[in-house]
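Counting convention: from 1, in listed order, for ligands and their atoms alike. Not measured: the values here are computed from a predicted model.
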Amino acid sequence: MIEVANRLHTVEEYYFSKKLREVNLLIASGKPIINLGIGSPDLQPPQKVIEALTNGLLSPNAHKYQSYQGLPELREAIAGFYKTHFSVNLSANTEILPLMGSKEGIMHISMAYLNEGDAVLIPNPGYPTYQSVTKLVGAKPVFYELDATNNWLPDLKSLEQTDLSQVKLMWVNYPHMPTGAQPTETVFEDLVAFAKRHNILIVNDNPYSFILNDSPKSILSVKGAKDVCLELNSLSKTFNMAGWRVGMLVGDSEHVNHVLKVKSNMDSGMFYGIQKGAIEALKCSKMWFSTLNSVYQQRRDLVWQLADALNCTYDKNATGLFVWAKLPANVRAEEFIDLILKENHIFITPGTIFGSQGEGYIRFSLCASTEVLEEAIARIK
Ligand SMILES: Cc1ncc(COP(=O)(O)O)c(C=O)c1O
């Protein structure tokens, strides 16, 4: 038996990777499963994006290795996107690194900045990858608790009562997944000041800004943020391009270069046609967002009805691709979703996969058609 590396013992297979095997077995056995678990957009990307990819295939450059930093036009398009939607100025030459989805950025940033034993502040509840990557690189996750009473925002005052001397990096994610909480006017300013006081690098993971949200915000819009902050963004949800794997890291050139040093040793550039498609997507007008969100709005209304039928409560001001719903008192999330899966053949994500603060909550994805959601409501009623 060949022993695996110790780091592999620090993580488990991703929840969805395991659970979807179970769900697929049910489907294979003929059960009519409705999947409201994962946030993988079922809608199509803009048509011009598909055309740009298709035309890109015919270019003589299409099949060569591509630049480690992406096509200059892609970086220009990202700079334009940040200027238009977030009023943030970025140098296309030095402050942007295209990524194959923002998820890989979590690993690259951690590899670039973390030594074994460094502490990392991670939101609870939060995206599970922050924790697993932290463990894979031998660093120490330190969870900061978010709760509904504080609108799922970090309590920096109480964090400052703790020993932060080992903390090197802090993950924040606003608009927040899974709760859909929005950043307030001041939270990013407070975070930048906090990062400066404690010499911590803050990374805002920002893939949900454009879903059911009229006021996208970037942490980099705060004065002086580039000294201590990076931001990840993605085309996965904004343009229904999750399977394309396109995202970006933006921030000060020195930070971006450190991450490039890792990334350029791990892959050899993004496929040309995908970059050409991404450029077109980033140039979409506001019309794209309003059309997309009118679909999600209809779906969310139905998911709210589904949540009502399950006696759950939820915040109507929340944004993003999910509805985060509180279960009736004393109902445990995993038991509840297993029951609904068994009896109604509906798969919903238990809040606990996002951390202990997710106990008592479930998360519905909006990546299902209105017909499917109506069927789910009928099954519960
Ligand atoms: C909070 C958060 N960050 C990052 C990602 C990864 O997105 P991408 O497809 O850009 O890798 C997801 C995907 O679900 C997410 O929910």
Side-chain angles (χ1 to χ4, degrees), residues 14-17 19-20 35-43 45 49 70 74 78 81 96-110 120-134 143-144 146 152 154 169-183 202-213 216-219 230-250 259 263 266-267 270 274-275 277-278 281-282 296 318-324 349 351 353-355 357-358 361 363-367:
Y14 198 53
Y15 173 83
F16 283 117
S17 168
K19 193 73 185 178
L20 289 178
N35 187 345
L36 304 181
I38 204 158
S40 179
D42 56 314
L43 299 166
V49 169
L74 176 57
I78 293 172
F81 181 79
I96 293 171
L97 180 62
L99 299 173
M100 293 174 207
S102 60
K103 191 172 185 179
E104 72 155 5
I106 299 170
M107 175 56 95
H108 295 335
I109 293 166
S110 300
V120 180
L121 289 170
I122 294 176
N124 173 11
Y127 185 47
T129 302
Y130 309 136
Q131 175 186 175
S132 48
V133 165
T134 300
F143 295 99
Y144 60 96
L146 307 175
W152 309 100
L169 185 70
M170 177 178 190
W171 292 103
V172 302
N173 160 227
Y174 290 103
H176 182 242
M177 197 291 298
T179 66
Q182 293 245 45
I202 289 190
V203 187
N204 184 41
D205 182 20
N206 192 6
Y208 293 101
S209 266
F210 297 91
I211 310 297
L212 293 172
N213 180 20
K217 289 191 180 62
S218 163
I219 199 165
L230 285 168
E231 188 158 274
L232 290 169
N233 215 315
S234 170
L235 277 65
S236 293
K237 326 283 172 172
T238 308
F239 299 106
N240 303 327
M241 291 166 69
W244 289 52
R245 314 306 304 132
V246 194
M248 66 204 79
L249 171 72
V250 294
V259 180
K263 183 170 159 62
M266 308 213 71
D267 66 65
M270 190 191 300
I274 291 181
Q275 298 192 64
L282 291 161
Y296 283 133
T319 64
L321 197 59
F322 306 98
V323 170
W324 178 246
T349 307
I353 75 158
F354 306 105
Q357 289 292 98
Y361 288 87
R363 190 196 75 170
F364 299 89
S365 164
L366 299 181
C367 301

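- Within the listing of ligand 1, atoms 2 (C), 3 (N) sit less than 4.0 angstrom from a heavy atom of Pro207.
- Considering only non-hydrogen atoms, atom 14 (O) of ligand 1 lies nearest to Lys237 out of Met177, Lys237, Arg245.
- In terms of modelled atom types and a separation under 3.5 Å, the side chain of Asn206 and the main chain of Lys217 share a donor-acceptor contact.
- Taking the six-membered ring where the residue is Trp, Tyr361 and Trp152 present perpendicular rings, their angle passing 60° and hence far from 30°.
- To the nearest 0.5 angstrom, Met100 atom CE is 4.0 Å from Lys263 atom NZ.
- If you number the atoms of ligand 1 from 1 as listed, the ones under 4.0 Å from a heavy atom of Gly101 come out as 10 (O), 11 (O).
- With Arg363 contributing its side chain and Gly37 its backbone, the two residues share a donor-acceptor pair below 3.5 Å.
- Among all protein heavy atoms, the one lying closest to atom 9 (O) of ligand 1 is Ser236 OG, 2.6 Å.
- Not one N or O on the side chain of Ser234 forms a donor-acceptor pair closer than 3.5 Å with the backbone of Gly101.
- In summary, the atoms of ligand 1 found under 4.0 Å from a heavy atom of Asn173, numbered by their order in the structure, are 1 (C).
- Ligand 1 lies out of reach of Gly247, whose nearest heavy atom is not under 4.0 Å from it.
- Listed by number with element, the atoms of ligand 1 under 4.0 angstrom from any heavy atom of Ser234 are 8 (P), 10 (O).
- For atom 16 (O) of ligand 1, the closest non-hydrogen atom on the protein side is Tyr208 OH, 2.6 Å.
- Between the side chains of Glu231 and Ser218, a donor-acceptor pair is found at a separation under 3.5 Å.
- Not close to ligand 1: Met100, with no non-hydrogen atom less than 4.0 angstrom away.
- Residue contacts with ligand 1 for Glu104 are absent, since no atom lies close enough (heavy atoms, distance under 4.0 Å).
- The aromatic rings of His176 and Tyr174 are tilted relative to each other, their planes meeting at an angle between 30° and 60°.
- Counting only distance, with no hydrogens or angles, the side chain of Ser365 and the backbone of Ile38 share a donor-acceptor pair below 3.5 Å.
- Both the backbone and the side chain of Lys103 come within 4.0 Å of ligand 1, counting heavy atoms alone.
- Residue, atom and distance of the protein heavy atom nearest to atom 1 (C) of ligand 1 are Asp205 OD2, 3.4 Å.
- In this structure, the protein non-hydrogen atom closest to atom 7 (O) of ligand 1 is Ser102 OG, 3.4 Å.
- Ring-plane geometry between Phe81 and Phe210 is classed as tilted, the angle between the planes lying from 30 to 60 degrees on a 0 to 90 degree scale.
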